[in-house]
Amino acid sequence: QLTMHRIELETSLPTVIADTHTARLTATAPGINASMVALDSYVKAAENIIDYYPACGIRWELLAGIATIESAHGTFGGAVVGPTGSTSRRILGPVLDGTLEDTAVIGDTDGGRLDGNAQYDRALGPFQFIPGTWRRFALDGNGDGIADPHNMYDGALSAAGYLCTTSNVTSDAQIARSVLSYNQSGKYLADVTRAARRHITSLALPEAAFDPDDLTEAEGWRADGEESPVFEELGKIGRDPSATPAPSTQRESLETTGS
């Protein structure tokens with residue numbers, strides 16, 4: 001009888017361990033409504049981007065701030081982030097045909113292969129990449145040999161790479177320029193940096209290297225997200241709008257579709 005129980009235990013133990021591991025990854029961290037796998041993707045991206053940009057210095061909480069604003073850590077519209085980092089649904093931004101207020105007009109850059117629209121683009125995944133930009137900056141963050149915009153690990157590493165191409169991301173000015181290259185909006189900059197700060201305070205971690213209010217003021221944006229006259233002296237920040245991951249995309253307009 002004892003031998004039978006031992007055999008049953010040894011047989012079931014790997015499944016129990018795997019289930020426990022999955023439960024831990026998909027659990028939500030207190031205070032920030034992000035799964036542990038999402039947090040893991042940000043930390044790993046900040047660590048692994050040094051293989052591509054050794055001096056970049058991007059911090060994980062900045063990636064977390066962007067993912068908060070873009071897709072609520074990959075959960076917008078009821079999407080669920082699985083233990084491998086893939087979302088249960090595709091997260092797609094609005095059709096960028098100019099009909100929605102404050103959205104850019106971006107013609108198709110991928111033949112509809114990634115976003116299902118062969119006339120205009122739609123932003124993709126938890127980090128809301130434009131398809132053409134995804135093709136340029138896509139990186140495999142979880143080592144499965146596939147760069148998938150709907151995977152948190154791939155999206156986080158790719159976003160880190162995109163931000164690091166603007167400049168190193170260590171000083172207040174560099175952080176601001178990188179975030180503004182992602183979406184050239186003072187309100188967006190303020191929202192992202194404050195969300196990043198919340199991740200540090202909510203998890204009781206050492207203080208972030210930047211203060212959101214100081215950062216936005218230093219780069220010519222008031223703390224309320226409005227442009228100040230200083231910005232006019234900085235010149236144009238960012239790339240051609242067709243290359244930015246999230247050109248004034250509003251979360252309220254995002255859609256989720258079944259995979």
Side-chain angles (χ1 to χ4, degrees), residues 27-50 53 55-76 81 126-128 152-153 155-164 166-228 230-231 234 237-238 244-246 248-252 254:
T28 300
I32 55 175
N33 294 321
S35 66
M36 296 302 293
V37 71
L39 294 179
D40 188 51
S41 74
Y42 310 142
V43 172
K44 281 187 167 58
E47 292 175 346
N48 294 334
I49 198 62
I50 63 173
Y53 301 94
C56 177
I58 193 169
R59 291 172 63 103
W60 71 267
E61 65 266 23
L62 188 61
L63 298 169
I66 289 174
T68 300
I69 303 306
E70 296 294 350
S71 67
H73 301 292
T75 65
F76 188 85
V81 180
F127 284 86
Q128 290 291 278
M152 293 296 298
Y153 288 100
L157 186 61
S158 301
Y162 178 89
L163 294 167
C164 291
T166 302
S167 69
N168 292 339
V169 189
T170 52
S171 71
D172 284 359
Q174 291 169 342
I175 291 167
R177 289 178 184 276
S178 292
V179 175
L180 289 170
S181 76
Y182 212 91
N183 189 324
Q184 193 172 336
S185 159
K187 184 178 185 303
Y188 184 81
L189 172 61
D191 289 346
V192 165
T193 53
R194 286 173 182 163
R197 189 61 169 284
R198 283 197 301 273
H199 285 74
I200 295 297
T201 56
S202 296
L203 297 174
L205 296 173
E207 286 294 309
F210 56 87
D211 181 271
D213 291 341
D214 291 346
L215 187 150
T216 52
E217 293 284 357
E219 279 301 286
W221 300 94
R222 297 203 304 267
D224 59 7
E226 294 298 322
E227 185 177 330
S228 75
V230 179
F231 179 73
L234 296 177
I237 295 177
T244 49
S248 301
T249 299
Q250 302 198 9
R251 281 187 51 207
E252 293 79 11
L254 296 183

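Keep in mind that the numbers below use all heavy atoms, side chains included, and drop hydrogens, waters and symmetry copies.
- Residues Y153 and V37 meet the side-chain proximity criterion, which asks for heavy atoms closer than 4.5 Å.
- Taking the six-membered ring for Trp and thresholds of 30 and 60 degrees, Y182 and Y188 have nearly parallel ring planes, at less than 30 degrees apart.
- Relative orientation of the H199 and H73 rings is perpendicular, given thresholds of 30° and 60° on the angle between their planes.
- From E61, atom CD reaches atom OG1 of T201 across 10.5 Å, with rounding to the nearest 0.5 Å.
- Smallest separation of non-hydrogen atoms from S41 and A156: O-CB, 3.7 Å.
- Between I66 and L163, the closest side-chain pair of non-hydrogen atoms falls below 4.5 Å.
- The minimum heavy-atom distance linking S71 with P126 is given by the pair OG-O, 2.8 Å.
- Here the straight-line distance linking atom OG1 of T75 with atom CG of N33 works out to 8.0 Å at 0.5 Å rounding.
- V81 and G74 make their closest contact through CG2-O, 3.7 Å (heavy atoms, listed as atom of the first residue, atom of the second, distance).
- Across all non-hydrogen atoms, the minimal contact from I49 to C164 is CG1-SG, 4.2 Å.
- For the pair Q174 (side chain) and T170 (backbone), a donor-acceptor distance under 3.5 Å is present.
- Residues G65 and A195 come closest through the heavy atom pair CA-CB, 3.9 Å.
- Rounded to the nearest 0.5 angstrom, L63 CG and E70 CD are separated by 12.0 Å.
- A pairwise comparison of heavy atoms in I58 and A46 identifies O-CB, 3.6 Å as the closest pair.
- Within the model, atoms CG of N183 and CD of Q128 stand 10.5 Å from one another, a figure rounded to the nearest 0.5 Å.
- Between atom CZ of residue R177 and atom CG of residue D172 there is a gap of 12.0 Å, rounded to the nearest 0.5 Å.
- In this structure, the separation between CD1 on I175 and CG on L62 is 6.0 Å, given to the nearest 0.5 Å.
- Contact of the F127 side chain with the M152 side chain is registered, since non-hydrogen atoms from C-beta on lie closer than 4.5 Å.
- Panel note: side chain S181, backbone S178; a donor-acceptor pair is recorded below 3.5 Å.
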